Amino acid sequence: FSKKLKNKPGNITPASALTNLGVDAEHQFVFQSIMDLSKNFNLDITWRYVDDLPSTQFRTEVESYFNLDTRLAWNFKQLEISLVGQNLLKKQHVEIGNYIPRSIYGKVIWRY
């Protein structure tokens, strides 16, 4: 699958820029599991792969990567307390020129 981007009338974006903007990872896949462990506990796991992206005039090459996100939540009436981990497989990785760090955080939600 390839994209063929064109300018709309009046748009002055150079054709070379349009060619580079249409470059996406050739292969991507996601495995996701959303589980209710019990009445009050949920466990979500997302594992993904993104193929490499070649360098263009707008970005450097991005290497392919695997990553893992998890979420464990406890629910009681209107209260939800969760622990989330994102990008757990590496300390950081590159996505379209930006470094994305591993993160682990807690979250509290009160629904009224």
Side-chain angles (χ1 to χ4, degrees):
F1 176 74
S2 64
K3 297 177 185 174
K4 293 184 176 146
L5 304 175
K6 297 181 198 175
N7 274 326
K8 290 183 178 182
N11 188 328
I12 59 171
T13 303
S16 62
L18 293 175
T19 301
N20 291 321
L21 290 172
V23 177
D24 290 329
E26 188 172 346
H27 300 101
Q28 299 182 53
F29 58 85
V30 174
F31 293 107
Q32 188 172 36
S33 176
I34 300 171
M35 298 179 277
D36 293 331
L37 299 176
S38 69
K39 181 180 176 185
N40 299 88
F41 282 95
N42 310 107
L43 176 63
D44 304 335
I45 300 171
T46 302
W47 183 72
R48 66 187 177 281
Y49 169 78
V50 178
D51 207 358
D52 61 324
L53 289 171
S55 62
T56 69
Q57 68 188 56
F58 298 104
R59 67 163 184 267
T60 59
E61 180 180 2
V62 177
E63 294 182 10
S64 62
Y65 62 90
F66 289 92
N67 234 317
L68 176 71
D69 299 340
T70 62
R71 175 182 163 273
L72 178 63
W74 175 73
N75 298 284
F76 183 73
K77 298 185 181 183
Q78 294 97 339
L79 178 66
E80 177 182 295
I81 300 173
S82 59
L83 179 63
V84 179
Q86 295 180 312
N87 304 306
L88 295 175
L89 297 182
K90 289 186 177 178
K91 187 175 181 179
Q92 63 182 14
H93 69 278
V94 177
E95 288 183 20
I96 311 179
N98 295 314
Y99 284 93
I100 309 298
R102 173 187 304 144
S103 60
I104 298 172
Y105 59 91
K107 186 174 177 180
V108 177
I109 298 173
W110 180 263
R111 295 180 180 93
Y112 56 93

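These figures come from a predicted structure and were not determined experimentally.
Cluster membership check: Ile45 does not share its hydrophobic cluster with Val84, using side-chain heavy-atom separations under 4.5 Å among Ile, Leu, Val, Met, Phe, Trp and Tyr.
Only one option out of Asn98, Asp51, Val94, Asp52 pairs with Val62 in a side-chain contact (heavy atoms from CB on, under 4.5 Å); it is Val94.
For the atom pair Leu68 CG and Gln86 CD, the distance stands at 11.0 Å (nearest 0.5 Å). Between the OG atom of Ser38 and the CG atom of Asn75 there is a distance of 9.0 Å, given to the nearest 0.5 Å. To the nearest 0.5 Å, atoms CG (Leu53) and OG (Ser64) are separated by 9.5 Å.
With sequence neighbours excluded, the residues satisfying side chain to side chain contact (heavy atoms under 4.5 Å, CB included) with Phe29 are Phe31, Trp47, Tyr49, Phe66. The salt bridge (charged side-chain N to carboxylate O under 4.0 Å, His left out) search around Arg102 returns none, not counting sequence neighbours. With sequence neighbours left out, Asp44 forms a salt bridge (charged side-chain N to carboxylate O under 4.0 Å, His left out) with Arg71. A search for side-chain hydrogen bond (donor to acceptor under 3.5 Å, both in side chains) contacts involving Asp36 returns Asn42, not counting sequence neighbours. Not a single side-chain hydrogen bond (donor to acceptor under 3.5 Å, both in side chains) links Gln78 to another residue, sequence neighbours left out. In this structure Asn87 satisfies the side-chain hydrogen bond (donor to acceptor under 3.5 Å, both in side chains) test together with Arg48, Asn67, sequence neighbours excluded. Residues meeting the side-chain hydrogen bond (donor to acceptor under 3.5 Å, both in side chains) test with Thr70, sequence neighbours left out: none.
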(Q) Let's go through Leu79 and Trp74 carefully: what are the C-alpha distance in whole Å and the side-chain angles of both, what is the deciding distance for side-chain contact (heavy atoms from CB on, under 4.5 Å) to 0.1 Å, and is it a yes or a no? (A) CA-CA 8 Å; Leu79 178 66; Trp74 175 73; 3.9 Å; yes
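By the 6.0 Å contact criterion, CD on Glu63 is open, its count of non-hydrogen atoms from other residues, nucleotides or ligands being 12 or less. Heavy-atom neighbours of Glu26 CD from other residues, nucleotides or ligands within 6.0 Å: at or below the threshold of 12.
Hydrophobic side-chain contacts under 4.5 Å tie Tyr65 into a cluster, directly or through other members, with Val50. Other members of the cluster containing Ile100 do not exist, because no ILVMFWY side chain is joined to it at under 4.5 Å.
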Taking only distance into account, with no hydrogens and no angle test, what donor-acceptor pairs under 3.5 Å do side-chain atoms of residues 104-112 form with protein atoms, sequence neighbours excluded?
none

